[in-house]
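Below you'll find the structure, written out as structure tokens, and then a few comments.
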Amino acid sequence: MTRRQLILTGLHLPLTAQGVSSRGVRPTPRGKPSGLPFAAKFTDVGKQAGLVHPVIYGGIESADYIVETVGPGVAFFDYDNDGWLDILVLNGSRIGGALAGTSNRLYKNNRDGTFTDVTEKAGLIRTGWAQGVTIGDYNNDGHEDIFITYWGQNVLYRNNGDGTFTDVTKQAGLLQEGVHWGSGCTFVDYDRDGRLDLFVANYLEFDFATVPKPGESNACMWKGAPVMCGPRGLKPSRHYLFHNRGDGTFEDVSEKSGISKARGSYAMTAVAADLDNDGWPDLWVACDSTPSFFFKNNRDGTFREEGLSRGIALSDDGMEQAGMGIGIGDYDLDGSLDLFKTHFSEDTHGLYRNDGRGNFTETTLQAGLGVETRYVGWGAGIVDLDNDGFPDLFAVTGSPYPGIEKRVASQAHKGPRLLFRNLGNGKFEELLDQAGPAINAAHSSRGCAFGDFDNDGDIDIVIVNMNEPPSLLRNDVDPRRHWLKVKLVGTKSNRSAIGGRVTLKYGSKVQAQEVCAQSSFYSVNDSRLHFGLGQELTASVTVRWPSGVIESIGKVKVDRLLTIQEGKGIVEETEFKISRHVA
């Protein structure tokens, strides 16, 4: 009987002694390369773009506590409504106190490939152990607000619309007693009343005074080396759902919604999306070394947890995995949202195909992802990086154990970025050298976000690197590959249109995407949905708004941004002035 069968019958196998979940999986043999050219190239332009502040997070050579190792997320969003993506980079601390100048950083897009640090001017200076971020217009005033989780106390920032933010955590009813380890978080209009509610997961219960030091128990050893303790051996925490009252405040509905009943797993990244195609947003939470959660929306203000029966709580052979990051998208072009989850080294990163009713089949090995098991994965995405019309897979890597290579020679602290090109037949090919030097560059990375920062019609990537400045991977794609972006603006629905679904038909292909307020690892992507189209010159668009209203738009021209307002159709078409960089 597999572990999944044992858990479903109520019989739990004991957890392994070590603190992380790794199945000891060896890579599968690599097949013959396809030989197909890859039409995208990535260059790290972070330094020249002005992303110069290092992400301070725990010890550089070693870490005594798990809080030093998890790391934070990052967000692409347009805080000043000028049509250009700005960047919010979360930050941490050091044991014994934050370094001078350590803070989350807001970088304003100068519209010329560079950014300016406006953190102080925006009122966002704050130190601490930041974790996850979600972005959304919770008060429907036309300006995107920020919620950040911490080990300590979470914070809600209201966007004032003048380039500044105000901490409204207390007056919004989100200030909690005691110390919590907030992890994944996402805005979601779970009851479809047009107002953004808030889901907040917690990782585990952590206290510097009581957590053992490295090597002090079996849960504080890895491959014979003493490492920080956790997550196993530490107590999992509970999770919260806050209902938006519409007056700037939130009500804790964790108990009556059923969210608080889910216990026993170490929750990390959270995604809110309609995974079973019933028109109502569900919640999926990647969980570390324990079964992941799927909260099915009952459409009456309550949820029920169905991760095991839906096939996305454990691996295909029924084993717990170190779930960290989540990519969401329609990789097989069937109009339903599939999932990609990152795990620990000596394990495969999992790909889950949706049957259209919210039941998932793991296709990791069939898809060819088993060739890569060397690295710990974090931020992830299902995104079309070369504009060929087939969404690819991307993930960042890095060990949670600083200096591990000095103690375990086979393990590296820093790793490359992983890029699996979609071959269009249900299979993927890992690209090792074909996508530019920024892919092979070694860092210990955590969150990453996907978006078009230079408005040139392709997907760029911003990445958090532990104890280094962020990376900004500028993507340069063959201009003969076409694309379309869709920006949704809600009226009856929430203004950010979080939960809005766009289904695009181009040629013989159909692809669905949804506006999500968190994915990857603790991060937020560009809310403008990007579709690569290959050689197609037209596409048709269907929008299902969070309110349930469906609007269809006939053939539209490509290589532009469509702004669609609920009830009004296309209200603006923007053709970017593309300046292609020399590869």
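Proximity of a side-chain donor or acceptor of Ser254 to a complementary backbone N or O of Ser260 within less than 3.5 Å is not detected.
By the 4.5 Å heavy-atom criterion applied to side chains, Leu369 and Leu393 are counted as neighbours. Side-chain atoms of Trp284 and Ile312, non-hydrogen and from C-beta on, do get closer than 4.5 Å to each other. Proximity of Ser336 to Asn277: side-chain heavy atoms (C-beta onward) are separated by under 4.5 Å at one or more points. Residues Asp460 and Asp454 have side chains in contact (heavy-atom distance under 4.5 Å, counting atoms from C-beta outward). Counting heavy atoms from C-beta on, the side chains of Leu504 and Leu533 come closer than 4.5 Å.
Using bins of under 30°, 30° to 60° and over 60° for the plane-to-plane angle, the ring pair Phe295/Phe303 lands in the perpendicular bin. In this structure, Phe453 and Phe115 have tilted ring planes: the angle between them lies in the 30° to 60° band. The aromatic rings of Trp483 and Phe576 sit parallel to each other, their planes meeting at less than 30°, with 60° as the upper class boundary. Using cut-offs of 30° and 60° for the angle between ring planes, the Tyr138 and Phe187 rings count as parallel.
Checking Val271, Leu337, Leu275 one by one against Asp282, the side-chain contact (heavy atoms from CB on, under 4.5 Å) holds for a single residue, Leu275. For the pairing with Arg481, the salt bridge (charged side-chain N to carboxylate O under 4.0 Å, His left out) check across Asp458, Asp559, Asp456, Asp386 returns one residue only, Asp386. Just one of Ile498, Asn494, Asp189, Val253 meets the side-chain contact (heavy atoms from CB on, under 4.5 Å) condition when paired with Asp197; it is Asp189. The side-chain hydrogen bond (donor to acceptor under 3.5 Å, both in side chains) with Ser547 is formed by just one residue from the set Arg192, Lys492, Glu566; it is Glu566.
Counted by atom type alone, Ser519 and Asn525 present one or more donor-acceptor pairs between their side chains at under 3.5 Å. Residues Thr134 and Tyr522 bring no donor and acceptor atom of their side chains to less than 3.5 Å of each other. A donor-acceptor contact under 3.5 angstrom links the side chains of Ser496 and Glu144, judged on distance only. Side-chain contact, Tyr203 with Asp288: a donor N or O sits under 3.5 Å from an acceptor N or O. Under the 3.5 Å distance criterion, with hydrogens and angles disregarded, a donor-acceptor pair is assigned to the side chains of His530 and Asn387.
Listed by chain and residue number, nothing satisfies the ring pair (Phe, Tyr, Trp, His ring centres under 6.0 Å) test with Phe76 (two or more places apart in sequence, or in another chain).
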Go through Phe394 and Phe420 one step at a time and tell me if the ring pair (Phe, Tyr, Trp, His ring centres under 6.0 Å) criterion holds. CA-CA 6 Å; Phe394 182 92; Phe420 291 90; over 10 Å; no
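Val489 and Ala497 get closest at one heavy-atom pair: N-CB, 4.4 Å. Contact record, Ile326 with Val285: CD1-C, 4.4 Å, taken as the closest heavy-atom pair.
Stacking of Arg105 on the aromatic ring of Tyr107 is not recorded, the 6.0 Å distance cut-off and the 45° axial limit not both being met.
Note on Lys485 versus Asp452: salt bridge recorded, some NZ/NE/NH1/NH2 to OD/OE distance being below 4.0 Å.
By the 6.0 Å contact criterion, NZ on Lys509 is enclosed, its count of non-hydrogen atoms from other residues, nucleotides or ligands being greater than 12. Within 6.0 Å of NZ in Lys296 there are more than 12 heavy atoms belonging to other residues, nucleotides or ligands.
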